[in-house]
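Let me begin by presenting the structure, written as structure tokens, before commenting on it.
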Amino acid sequence: MLPAVKRDPIGVFLTAAHRFGDVAYFKIGPRHGYLITNPADVRRVLQDNARNYHKSPLYDKLRMSLGNGLLTSEDEFWLRQRRIAQPAFHRQRIAQLASTMAMAVRDTAAAWETLASAGRPVDVGEEMMRLTRTVVVRALLGADLGPFATQLDQAWTIINQHVGESFWSLGLTDRWPTAKNRRFEAARALLRAAVDHVISERRRTSPDSASDLLSMLMGRRDEETGETMTDEQLRVEVTTFLLAGQETTSLALTWTWYLLSQHTEARQRLEEEIDAAIDGRPPEYADLASMPYARMVIDESLRLYPPAWGFSRQALADDELGGFRLPRGWLAFVIPYVLHRLPAFWQSPEAFDPDRFSAEQSADRPKFVYLPFGAGPRQCIGNHFALIEAQLIVGTLAQRYRLHLVPGHRVEPWPLITLRPRFGMPMIIERRTGR
Ligand code: HEM
């Protein structure tokens, strides 16, 4: 299946799930694996028998760019890093960070005044990338990217595309000095320089005073050895948070604006909710509870366009999935894009319908058919952070603006490491009258 999977991974996995049901065998190049779509099997791999699985060798490419950090490491080392970072993501802590998020999006709302008056199309994907990067950098790293701010998005686009497109290859040509590989190396060097800048700025300005994620990473001593993280490990973790925190959230928002532009009724209901809940002043953390529809819109957008559209695991020992033996070394593919469209669990799966996420409608749905943030011990550490951030951003911007897709623009999901819009998302920003 290698050529087909390389060409159209989403199409191939969707077709296989529809044709073959719960377990579909794949041979992709030298690798064997099962696409699993029964929630019980997904639960076994990600949660109940998670100790029997590592992230698959397909993550090696990502490891090459990010290093061996929280997202890519395994076992005791992973657990240690997770424990160090976890306190920065407690609900209470995130509630405190929400004011930093709210301030960042107000800056964007102010800057959009000029864009709205100009009436020219703006790439909303780029706008969201800039905004979510500002949020991660300020809220978690308490830093400023200085001269690297604008170059970083381009560097990450190159890395994402390179890793995404070579995901399924064996890496035989990775070290050849081709133009593509050189571009990739230059992007990695830039990323590294940006991260070094963040760390050295922090060391220079406020080494001990802050209590954010970066200070936890910098200050934490190993209980046994008393050592702090090495500079190299610190660099890896900062890179991980910088990228994992900005890219996925910005895509979730970009797809949300696209969906709202295509569904006038949902957009109106959202606007009415915001107007009734906060009456003109910009939303804050305390307002989010009175904006349930905004959250349902985001949930539905994460269903249709999950930024982490697919991931995979490798079995350390033989296992059994759906009555089939999964031999040691084989892969299990967990593909949220497919799970989120299974007709057995989602009526009219292609339709945009935020009401699916009302309390009543979600009550009987198994947890393991909706996995935008993964599940089990390796579940996204930033999920609450991302959802609060997304709700604040949607609330603040939809309160003042409407976004319209440029007429005739083609929108197509592009499954790299993350699910990007292949041709970008040019939109016209319209100021809501009276706002
Ligand atoms: C809508 C936004 C987001 C989505 C859809 C998302 C999705 C995911 C998924 C699916 C995983 C698990 C991957 C796997 O099991 O192989 C994951 C892990 C992770 N995410 Fe997120 N994420 C989002 C936002 C964030 C944010 C805001 C941060 C940090 C600020 C973050 C940091 C991480 C980290 C560090 C991991 C690795 C956790 C571990 O293995 O212990 N993510 N994310």
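Ligands are counted one by one from 1 in listed order, and the atoms in each one are counted from 1 as well. Note that this is a predicted model, so its numbers are computed, not measured.
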Could you tell me the residue and atom name of the protein heavy atom closest to atom 40 (O) of ligand 1, and the distance to it rounded to 0.1 Å? R378 NE, 2.7 Å

Should the pair E237-R80 be classified as a salt bridge under the 4.0 Å nitrogen-to-oxygen rule? no

Is there a polar contact between ligand 1 and T240, counting only N or O atoms under 3.5 Å apart? no

For atom 16 (O) of ligand 1, the protein heavy atom that lies nearest, with its residue and separation: Y59 OH, 2.7 Å

Tell me if the aromatic rings of Y370 and H340 count as close, with their centers under 6.0 Å from one another. yes

Could you tell me the residue and atom name of the protein heavy atom closest to atom 38 (C) of ligand 1, and the distance to it rounded to 0.1 Å? R82 NH1, 3.4 Å

Please state which protein non-hydrogen atom is closest to atom 7 (C) of ligand 1 and give its distance, to 0.1 Å? P372 O, 3.5 Å

Side chain of E300, backbone of D353: donor and acceptor closer than 3.5 Å? yes

Does W346 have R303 sitting over its ring (NZ/CZ under 6.0 Å from centre, angle to axis within 45°)? yes

Flag L70 as yes when one of its N or O atoms lies below 3.5 Å from any N or O atom of ligand 1, and as no otherwise. yes

Just jot down the ligand 1 atoms closer than 4.0 angstrom to any heavy atom of F385, in number order. 27 (C)

Is the shortest distance from a Lys or Arg side-chain nitrogen in E247 or R420 to a carboxylate oxygen in the other one below 4.0 Å? yes

Heavy-atom count around Q347 CD within 6.0 Å, excluding the residue itself: above 12? no

Ring centers of F333, F13 separated by less than 6.0 Å: yes

Distance from atom 30 (C) of ligand 1 to nearest protein heavy atom, with residue and atom: L140 CD1, 3.2 Å

Give the minimum heavy-atom separation between A85 and F241, together with the two atoms involved. CB-CZ, 3.9 Å

Contact check: K55 vs ligand 1, nitrogen or oxygen atoms, below 3.5 angstrom: yes

Going by the order shown, which atoms of ligand 1 are within less than 4.0 Å of some heavy atom of W78? 39 (C), 40 (O), 41 (O)

Pair K55 + E74, salt bridge at N-O below 4.0 Å: no

If you count every protein N, O or S atom closer than 2.8 Å to atom 21 (Fe) of ligand 1, you should arrive at 1

Proximity of W257 and Y401 rings by center, below 6.0 Å: no

Quick one: is the NZ or CZ of R341 closer than 6.0 Å to the six-membered ring centre of Y337, and within 45° of its axis? yes

Heavy-atom nearest option to atom 15 (O) of ligand 1, drawn from E74, Q379, R313: R313

